[in-house]
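Below is one structure; the comments refer to it alone.
Note that these values count all heavy atoms, side chains included, but never hydrogens, waters or copies made by symmetry. We count ligands from 1, going down the list as the structure has it; atoms in each ligand are counted the same way.
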Amino acid sequence: MQGEGKRRYVRGMFSRLVARYDLMNTLMTLGRDRAWRRWTVAAAGAGPGKRGLDVATGTGELALGLAQAGCRAVGLDYVEEMLSAAVAKSGALPAAGRPLYLAGDVLALPFADGTFECLTTGFALRNVISVPQALAEMARVLRPGGRLACLELTPPRGRVFPLFFALYFGRFVPLLGGLVAGDREAYAYLPASLKGFPSAEALAETMRRAGFREVSFRRLMFGTVALHAAEK
Ligand SMILES: C[S@@+](CC[C@H](N)C(=O)[O-])C[C@H]1O[C@@H](n2cnc3c(N)ncnc32)[C@H](O)[C@@H]1O
């Protein structure tokens, strides 16, 4: 699936998944996503007084992490239902420290050049219709010296891990999605969305071409997840 058809499909799918989205993340990652998100926020250089943006924020976990690290945080997504869940969740923070949530598209971010010092994005790039354009937009809204941290599934390498991936994400996760979220098809999209997605090395190269430097990455969860960090 490509282009506008993919955009419509992804948007419709995420608007259906909101209620069980966080629970499914916890189950699928065996609770490891909490630590990965902490590392992502740290890799973005989040800290007091900095302006932080979480792109494709979903239910706002990374935006909350930015806010808790002291950033003036903004979370952006194009699914209103996701943003409503994110707003409800941030109610636990003092009003002044809550992220601001905005509707918008990753491919045309509604911010001036150089607005942010820190940028996070989690499990989003597989879903956009142009990874280079999304990264170019992220580079544009970051200030020189600002940092990007990107958490995403990655095609596993070697002989054993692709097998593990095929069984776990191809068989078990859709089953779990059917039982827990009542939407087996949406969770079958997850492994399908990785087909044609760049390797961790190729994604690092795409980041360099988009204007980032000092690009590095680490693999997590048996090489099925990658955390990329880079500087503008
Ligand atoms: C798998 S969820 C990830 C949510 C969150 N970042 C996390 O780490 O859990 C992907 C999110 O990307 C959003 N998304 C996908 N394409 C987008 C686009 N072009 N513009 C804005 N949001 C987009 C979806 O609405 C969804 O909330």
For ligand 1, which atoms have a heavy atom of [X] less than 4.0 angstrom away?
| X | answer |
| --- | --- |
| Val79 | 25 (O) |
| Phe123 | 1 (C), 2 (S), 3 (C), 8 (O), 10 (C) |
| Asn127 | 10 (C), 15 (C) |
| Gly104 | 20 (N), 21 (C) |
| Asn25 | 9 (O) |
| Gly58 | 4 (C), 27 (O) |

Check your understanding: In terms of heavy-atom contacts, does CZ of Arg208 have more than 12 from other residues, nucleotides or ligands at under 6.0 Å?
Key -> yes

Review point. Above 12 or not: heavy atoms from other molecules or residues under 6.0 Å from CZ of Arg16?
Key: yes

Review point. In a check of side chain to side chain donor-acceptor pair (under 3.5 Å) between Glu117 and each of Arg51, Arg147, Lys50, Arg143, which one passes?
Key: Arg143

**Study point:** Residues Asp105, Arg7: salt bridge by 4.0 Å N-O rule
**Key:** yes

Check your understanding: Hey, what's the ring geometry for Phe164 with Phe222, parallel, tilted or perpendicular (30° and 60° as the breaks)?
Key -> perpendicular

Practice item. Indicate the ring-plane relationship of Phe14 and Tyr21, choosing parallel, tilted or perpendicular according to the 30° and 60° boundaries. Key: perpendicular

Ignoring hydrogens and geometry, is there a side-chain-to-backbone donor-acceptor pair from [X] to [Y] under 3.5 Å?
| X | Y | result |
| --- | --- | --- |
| Asp77 | Gly58 | yes |
| Ser130 | Gln133 | yes |
| Arg140 | Phe111 | yes |

**Study point:** Arg38 CZ to Leu62 CG distance, which is reported to the nearest 0.5 Å
**Key:** 12.0 Å

Check your understanding: Applying a strict 4.0 Å limit to heavy atoms, is Ala134 in contact with ligand 1?
Key -> no

Any nitrogen or oxygen of [X], side chain or backbone, less than 3.5 Å from one on ligand 1?
| X | answer |
| --- | --- |
| Tyr78 | yes |
| Asp54 | no |
| Asp77 | yes |
| Val10 | no |
| Asp105 | yes |

Exercise for review: Could you see which bit of Thr57 sits under 4.0 Å from ligand 1, with heavy atoms only: side chain, backbone, both or neither?
Suggested key: backbone

Review point. Looking only at heavy atoms, is any part of Phe14 under 4.0 Å from ligand 1, and if so is it the side chain, the backbone, or both, or is it neither?
Key: side chain

Got the closest protein heavy atom to [atom], with its distance?
| atom | value |
| --- | --- |
| atom 20 (N) of ligand 1 | Val106 N, 2.9 Å |
| atom 12 (O) of ligand 1 | Ala56 CB, 3.2 Å |
| atom 2 (S) of ligand 1 | Tyr21 OH, 3.2 Å |

Review point. Of the choices Met82, Arg37, Glu61, which has the non-hydrogen atom that lies closest to atom 8 (O) of ligand 1?
Key: Arg37

Check your understanding: Centre of Tyr78's six-membered ring, under 6.0 Å away, within 45 degrees of the axis: is that where NZ or CZ of Arg11 sits?
Key -> yes

